[in-house]
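We use all heavy atoms of the structure for the numbers below, so side chains are in, but hydrogens, waters and symmetry mates are not. Every chain is numbered from 1, with letters handed out A, B, ... down the list of sequences.
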Amino acid sequence: MTDELYDLNGLAASVCAVLTEILEESGAAATPAPAVELAVSRRSQHGDLTTNAAMVCAKRAGRPPRELAQALGERWLAGPGAAICERVEVAGPGFLNLFLGDAWYRGALRRLLAEGANYGRGSLPWSERRSVNVEFVSVNPTGPLHVGHARYAAFGDALCRILAFVGHEVTREFYVNDHGTQMLRFAQSLAARYGQRLGLEAQVPQDGYMGEYLIELADRLVDEVGERYRGDLVAAGGDPARLSAGVLAELREWGRDAMLAQFRASLDRLGIVFDAWTSESALYVGGEQHRGFAGEAGRALADLDREGLLFEHEGAVWLRTTSFGDDKDRVLVRSSGEATYFLSDIAYHRDKLDRGFAHLIDIWGADHHGYVLRMKAAFAALPPHQPERLELLIGQLVNLMESGRARRMSKRRGDIVTVDDLIEAIGVDAARFLLVGRSHDTVLDLDIDLAVEQSNQNPVYYVQYAHARICSIIRNLGSADPDSSELPDVAVGAYERSLLRALARFPEVVLSAAALRAPHRVHAYLSELAAEFHVFYRNCRVLSDDPASTAFRSALCVATRATLAGGLALLGVSAPEAM
RNA sequence: GCCCUCGUAGCUCAGUGGAUAGAGCACAGGUCUCCUAAACCUGGUGUCGAAGGUUCGAUUCCUUCCGGGGGCACCA
């Protein structure tokens, strides 16, 4: 018997192998249907594990499902299952239920201990691993990160951790929108605040940024450059819109860098580190010109011209996105000669392809979803015409609540609850666990006051507490971690079995979280695993006079600790040794 | 009008073809001379928004409708 049978994947494979034999003998297509599942039973009368194999394959085998299940069960039990399974049972419309023996549970625990911190890692087959670029947060550097961004940050980073854990090669990327008119307004607003600090009459533009943070930023600007721009402002009569392009460019760059430094600091507090920060402006620099644009923008335009997809209309340059499923064609170069942000995005994605990523994931807020169709169309228009390589995830918004009522945030007004506010209020662990607790496509209501009030009953502490409890037990054990090679052949009780079944699910939970882009599955799993542990703890004393029982149960604790810590790490949450 | 998304217990939500649909919160009661009571145990509710369809089987897939949210610029 091989070690493979001690995890669910291996077990499923052995059942499928027997099923294939049966199918071959009956002359049906040999490979089992992909929908064959081996799952942990939800009710004890349905055994430890259950498979739908017979129902899924009955038609192809030309036999009634129950009869096929019977044949499958008998042959598997006589073969690979002999040493680990006590009996099988056909139930309902054709389920095959497996009742595993103590030997399987002991073997499974031995395997868990051997894998340690690597349990569940790299479970994606090599053929399915990709070099993946995940772009998220990507906030315009015109104002601080707020709680809405925190959701995308927590979601994106958890997704990255999960993708990397199962076997992908992941790059976290932040796209810096530092090219358009918003940045100009930002620079003008900064200039006005700077002027006010110098005692000049200067007004923040009507459509500028009014937030407090710009006043603080202006203070720092004064500290750094002193009165360097006083003359320019005086000459402009205090109207920042009349400043020279050169001065505004300098202010824009300084402001951008200052904001990005803040972003980095806030994200760092959350435990999120980006591998790449790509500037939109940089897409317009270097290389040859095409249609008046250099850099990646020029190259993108050249690519699209070669495909014959650009046309001019009313002085603007358009991309024929309708050829790729969009409902109207889109402007890339305005009649004024300026690029649209759409051109930037096309150039940007083209650049990401050039950098060799096999798969691109963008995480966008729901307020951008109207943009999905044209982006997919543009990506399909670009060589190598593989739209499936671009995946756009739309995250729903965070509804900021205040004592039960909706509260509106506005960056322009400066009425913002920032990421830093959130961290200060409830802490990093509670914040990250909370923010990835639900699927990204449901609206999340967040009431800061309530969150503070309830932070003591944040589910994260339930999970962390289980981890801390185990650490305490191991400390009390007074010896090194149990040796997996010396697990005693004890009987395995119901609570221990239940905990081990929960542990056995971890790899498939992580795999599905990766495949479905659903970190909240890990969140939900951790709560279930912690619950299993707390029940076990309450009913099974670990440290006792019986050395065999102590050895087995403390080993089970060690395996649970590793899985809890591993799962929490996937969400960027710490696993404390004491609470 | 068109597009996206959601609709499951009093509330917040899991559950992307399987058996009797599950957690947490809230509410009531019980459990530490015993490895951490941030824990455990006991109480109970569902026309899974509606109607059709596909299937051995549908909360899940398809169609239509109803309701909430978001989006439909030569703005970003």
Ring center gap for [X] and [Y] short of 6.0 angstrom:
X      : Y      : result
A/H179 : A/Y284 : yes
A/H146 : A/H149 : yes
A/Y371 : A/F342 : yes

For this session: Could you run through RNA chain B and flag its stems, i.e. three or more consecutive Watson-Crick or G-U pairs with both distances under 3.5 Å?
Result: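 Detected stem regions: B:1-7 with B:66-72, B:10-13 with B:22-25, B:27-31 with B:39-43, B:49-53 with B:61-65.
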Exercise. Among A/N97, A/L49, A/L96, which one satisfies side chain to side chain contact (heavy atoms under 4.5 Å, CB included) with A/V88?
Worked result: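 The residue from A/N97, A/L49, A/L96 that satisfies side chain to side chain contact (heavy atoms under 4.5 Å, CB included) with A/V88 turns out to be A/L96.
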Has [X] got a side-chain N or O lying under 4.0 Å from the OP1 or OP2 atom of [N]?
X      : N     : answer
A/R43  : B/A21 : no
A/Y461 : B/G24 : no
A/R475 : B/U36 : no
A/Y465 : B/A38 : yes
A/Y371 : B/A73 : no
A/H520 : B/G15 : yes
A/N52  : B/A19 : no
A/R185 : B/C75 : no
A/R42  : B/G15 : no

Problem set entry | A/R505 NZ/CZ over A/Y525 ring centroid, <6.0 Å and within 45° of normal | no
Exercise. Within 45° of the six-membered ring axis of A/F533 and under 6.0 Å from that ring's centre, is NZ or CZ of A/R469 located there?
Worked result: no
For this session: Would you sort out whether A/R517 and A/E391 count as a salt bridge (Lys or Arg N to Asp or Glu O under 4.0 Å), showing the intermediate values?
Result: CA-CA 11 Å; A/R517 321 307 193 203; A/E391 184 178 340; 2.7 Å; yes
For this session: Could you please name the option among B/U55, B/C41, B/G18 that lies closest to any side-chain atom of A/K59?
Result: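 So the nucleotide nearest the side chain must be B/U55.
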For this session: Check every atom of B/G18, B/U36, B/C40 against the side chain of A/H534 and return the nucleotide holding the closest atom.
Result: B/C40
Does any N or O donor sit under 3.5 Å from an N or O acceptor when you compare the side chain of [X] with the base of [N]?
X      : N     : result
A/E577 : B/U36 : no
A/T340 : B/A76 : no
A/D178 : B/A76 : no
A/S336 : B/C74 : no

Using the [atom1] atom as the point on both nucleotides, what is the distance between [M] and [N], in whole Å?
N     : M     : atom1 : value
B/C13 : B/G70 : P     : 15 Å
B/A76 : B/G68 : P     : 33 Å
B/U36 : B/A9  : P     : 40 Å

Exercise. Quick one: do A/R291 and A/E312 make a salt bridge, cutoff under 4.0 Å?
Worked result: yes
For this session: Between A/A316 and A/D445, just flag the one whose closest nucleotide in RNA chain B comes earlier from the 5' side.
Result: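 Counting from the 5' end, the first nearest nucleotide belongs to A/D445.
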Exercise. Can you list the steps and then say if A/E173 with A/T278 is a side chain to side chain donor-acceptor pair (under 3.5 Å)?
Worked result: CA-CA 7 Å; A/E173 182 146 337; A/T278 304; 2.7 Å; yes
Exercise. How does each nucleotide of nucleotides 4-10 of chain B score, in 5' to 3' order, for protein heavy atoms under 4.0 Å: base (B), sugar-phosphate only (S), or none (-)?
Worked result: BSS----
Problem set entry | d(NE2, A/H440; P, B/U16) in whole Å | 14 Å
Exercise. Do the ring planes of A/F379 and A/H349 sit parallel (below 30°), tilted (30 to 60°) or perpendicular (above 60°)?
Worked result: perpendicular
